[in-house]
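Written below as structure tokens is the structure these notes are about.
Sequence positions, counted from 1, serve as the residue numbers for this chain.
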Amino acid sequence: MKEKEIEAYLRTRISSFGGRAYKFISPGNDGVPDRLVCLPGGRAVFAELKAPGGKLRPLQSAQIRRLQDLGFPVLVIDSKAQVDELIESLGGEKP
């Protein structure tokens, strides 16, 4: 399975849950997570998508730590099952 397939699945599942999964691009800040997930109730989570078994680059790890140090949750997701776990943890249903 490719990263883009997992990313598309995330967008679809988050949308069906009533949220948005915006592509997050920050010029001059390489390594930021792929998606800013905005959820009902004013919740936000950053998501870095990887192909199954994919590893973070050192710059990605550093950017994730910076966001976490600011108090933001950041998830590294490498499977559709992890997307489903995220939705279930938020009170959503299984697909």
Side-chain angles (χ1 to χ4, degrees):
M1 179 172 303
K2 297 180 180 181
E3 179 180 324
K4 69 180 181 177
E5 294 175 67
I6 297 168
E7 193 166 5
Y9 187 71
L10 172 77
R11 287 192 322 268
T12 300
R13 291 286 284 137
I14 292 296
S15 179
S16 70
F17 185 68
R20 301 294 303 241
Y22 294 106
K23 183 71 175 171
F24 182 52
I25 300 171
S26 181
N29 291 292
D30 291 343
V32 295
D34 297 312
R35 294 277 167 177
L36 171 56
V37 179
C38 299
L39 302 162
R43 297 172 290 174
V45 176
F46 288 92
E48 174 60 36
L49 287 297
K50 291 287 182 192
K55 303 293 182 202
L56 293 173
R57 291 178 285 128
L59 184 55
Q60 290 174 316
S61 294
Q63 290 286 25
I64 287 171
R65 275 192 306 277
R66 287 183 187 116
L67 290 167
Q68 289 172 332
D69 288 348
L70 291 170
F72 290 99
V74 183
L75 303 173
V76 178
I77 298 172
D78 73 351
S79 70
K80 289 181 177 180
Q82 286 180 321
V83 173
D84 292 337
E85 289 170 13
L86 168 62
I87 297 297
E88 288 177 46
S89 75
L90 299 168
E93 297 180 9
K94 292 182 180 183

Counterpart residues, side-chain contact (heavy atoms from CB on, under 4.5 Å), relative to Lys23 (two or more places apart): Glu7, Ile25, Asp34, Arg35

Donor-acceptor contact below 3.5 Å, side chain Ser15 vs main chain Thr12: no

Closest non-hydrogen atom pair, Gly18 against Pro40: O-CG, 3.7 Å

Any residue meeting side chain to side chain donor-acceptor pair (under 3.5 Å) with Ser26, in chain and number order, not counting sequence neighbours: Asn29

Smallest separation among heavy atoms of Gly53 and Asp78, with atom names: N-OD2, 3.0 Å

side-chain contact (heavy atoms from CB on, under 4.5 Å) against Glu88, all qualifying residues, sequence neighbours excluded: Asp84, Lys94

Neighbour count above 12 (heavy atom, 6.0 Å) for Arg11 CZ: yes

For Tyr9, the rest of its hydrophobic cluster, which grows through side-chain links under 4.5 angstrom: Met1, Ile6, Leu10, Ile14, Phe17, Val37, Leu39, Val45, Leu49, Leu75, Ile77, Val83, Leu86, Ile87, Leu90

Residues which pass side-chain contact (heavy atoms from CB on, under 4.5 Å) with Leu36, listed by chain and number, not counting sequence neighbours: Phe24, Cys38, Ala44, Phe46

N/O donor to acceptor pairs below 3.5 angstrom from side-chain atoms of residues 56-64, sequence neighbours left out:
| residue | atom | partner | partner atom | Å |
| --- | --- | --- | --- | --- |
| Gln60 | OE1 | Lys50 | NZ | 3.0 |
| Gln60 | OE1 | Arg57 | N | 2.8 |
| Gln60 | NE2 | Glu48 | OE2 | 3.1 |
| Gln63 | OE1 | Arg66 | NH1 | 3.3 |
| Gln63 | NE2 | Asp30 | O | 3.0 |

